[in-house]
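Encoded as structure tokens, the structure appears first; notes follow it.
Each chain gets a letter, A, B and so on, in the order the sequences are listed, and its residues count up from 1.
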There are 2 protein chains.
Amino acid sequence: MTPMSGDMPSPQLLEEFSQFFRLLSEPARLQLICHLKQGPMDVAALIEATGFSQSHISRQLGQLQRAGLVSCERDGVRMIYQAQDELVSDLCNLVQKRMKQRLEAQLEQLQIA
Amino acid sequence: MTPMSGDMPSPQLLEEFSQFFRLLSEPARLQLICHLKQGPMDVAALIEATGFSQSHISRQLGQLQRAGLVSCERDGVRMIYQAQDELVSDLCNLVQKRMKQRLEAQLEQLQIA
DNA sequence: TTCCTTAATGCTGGCATCGTCATAAGATTG
DNA sequence: CAATCTTATGACGATGCCAGCATTAAGGAA
């Protein structure tokens with residue numbers, strides 16, 4: 001039933017994929033996204049929630065914003081950040097589902113042996 | 001309709017997610033996975049297909065194997081590697097779909113302006 | 001204007017990872 | 001056994017990214 005192949009993505013596409021995944025390869029960024037998923041927050045609230053330094057948070061948010069995972073708007077002197085789409089949640093759910101399957105399989109192996 | 005929140009994943013889970021995404025943050029590894037998706041191959045074939053050095057390929061395959069994305073079996077003196085599940089394809093498809101949506105949105109912005 | 005608050009950015013040290021060379025480990029053949 | 005072929009690994013230079021300090025930029029209040 002396997003169609004024997006999807007085709008090989010172009011090197012440029014692979015490069016874009018890897019850059020995107022690299023964004024998610026940092027716990028700090030994932031954490032920020034998770035917090036923002038609970039609702040819009042300003043930087044001060046993110047500092048309070050995570051304990052990270054102001055400049056660190058600002059940099060990470062900058063990267064996430066350039067990738068379109070996060071948006072922001074001014075509120076006076078504050079910047080209110082907001083999670084922009086569901087993609088990261090979807091990706092994490094897929095990964096988690098697979099982790100679970102893998103552990104269950106290992107469990108069965110142990111019970112047989 | 002948004003349930004106003006899924007809950008916040010634990011730091012350990014975030015760490016595992018990020019480690020997994022880090023695996024996919026390297027074009028070389030994505031490329032190896034894509035080649036292996038076409039069917040089982042030995043290391044020599046992967047060298048031929050990618051132009052990477054033998055030791056480089058061996059290292060990357062080692063990482064992918066520890067994560068369960070790739071499996072291998074001996075055939076005499078050769079090692080035949082094989083892609084192990086569809087997760088990576090699924091993740092890439094989701095990312096690609098979103099990239100497309102984003103570009104289409106930008107296109108519309110341009111036409112309005 | 002000046003002062004204060006908040007967020008973004010230049011610069012830097014430290015650490016992790018990539019990629020290569022050389023070598024070791026494992027398997028097969030004679 | 002030795003010789004050879006294939007893959008894995010130790011060591012190392014180069015590169016890139018993180019995380020913090022200090023500074024700058026931007027807005028609002030007096």
Legend entry - Protein-nucleotide distance (Leu61(A), atom CG; dC18(D), atom P), rounded to Å: 13 Å
Inset, instruction - Using the closest heavy atom to pick a nucleotide of DNA chain C for each, name whichever of Val77(A) or Arg66(A) lands nearer the 5' end. - result: Val77(A)
Inset, instruction - Can you measure from CZ (Phe17(A)) to CG (Leu91(B)) and round to the nearest 0.5 angstrom? - result: 10.0 Å
Inset, instruction - Estimate the overall bend of the helix from dT1(C)-dA30(D) to dG30(C)-dC1(D) from the end axes over five pairs each, rounded to 10 degrees. - result: 10°
Inset, instruction - Supply the atom-to-atom distance Leu69(B) CG to Leu24(B) CG, rounded to the nearest 0.5 angstrom. - result: 6.5 Å
Inset, instruction - Using the side-chain hydrogen bond (donor to acceptor under 3.5 Å, both in side chains) rule, take Ser71(A) and Gln84(A) through it: C-alpha gap first, then chi angles, then the decisive distance, then the call. - result: CA-CA 6 Å; Ser71(A) 67; Gln84(A) 196 58 12; 2.9 Å; yes
Inset, instruction - Taking only heavy atoms on the protein side, list every residue of residues 47-60 of chain A lying under 4.0 Å from any atom of DNA chain C, sorted numerically. - result: Gln54(A), Ser55(A), Ser58(A), Arg59(A)
Inset, instruction - State which residue, out of Met99(A), Lys100(A), Gln101(A), fulfils the side chain to side chain contact (heavy atoms under 4.5 Å, CB included) condition with Lys97(A). - result: Gln101(A)
Inset, instruction - Nearest whole angstrom, please: distance from the C1' of dT17(C) to the CG of Leu24(B). - result: 16 Å
Legend entry - Rounded distance (Å) that lies between atom P of dA16(C) and atom CD of Gln19(B): 13 Å
Legend entry - Euclidean distance, Ile33(A) CD1 relative to Leu23(A) CG, rounded to 0.5 Å: 7.5 Å
Legend entry - Distance, nearest 0.5 Å, that separates CG of Leu87(A) from OG of Ser89(A): 8.5 Å
Legend entry - Within one Ile-Leu-Val-Met-Phe-Trp-Tyr cluster: Ile80(B) and Leu36(B), side-chain cutoff 4.5 Å: no
Legend entry - Distance in angstrom units between Ile80(B) CD1 and dT7(D) C1', rounded: 12 Å
Inset, instruction - Using a cut-off of strictly less than 4.0 Å, decide whether Gln63(B) has a side-chain nitrogen or oxygen near OP1 or OP2 of dT17(C). - result: no
Legend entry - CE on Met41(A) to OG1 on Thr50(A), rounded to 0.5 Å: 8.5 Å
Legend entry - The single option from Gln54(A), Gln60(A), Arg59(A) passing side chain to side chain donor-acceptor pair (under 3.5 Å) against His56(A): Gln60(A)
Legend entry - Whichever of Glu26(A) and Met79(B) has its nearest DNA chain D nucleotide further upstream toward 5': Met79(B)
Legend entry - Minimum-distance nucleotide to Ala28(A) side chain [options: dC18(C), dA8(C), dA19(D)]: dA19(D)
Inset, instruction - Return no unless some side-chain N or O of Arg78(B) is found under 4.0 Å from OP1 or OP2 of dG26(C). - result: no
Legend entry - Phosphate OP1/OP2 of dA8(C) contacted by Tyr81(A) side-chain N/O (<4.0 Å): yes
Inset, instruction - Using a 4.0 Å heavy-atom cut-off across all strands, classify Gln65(B) as base, sugar-phosphate, or nothing. - result: nothing
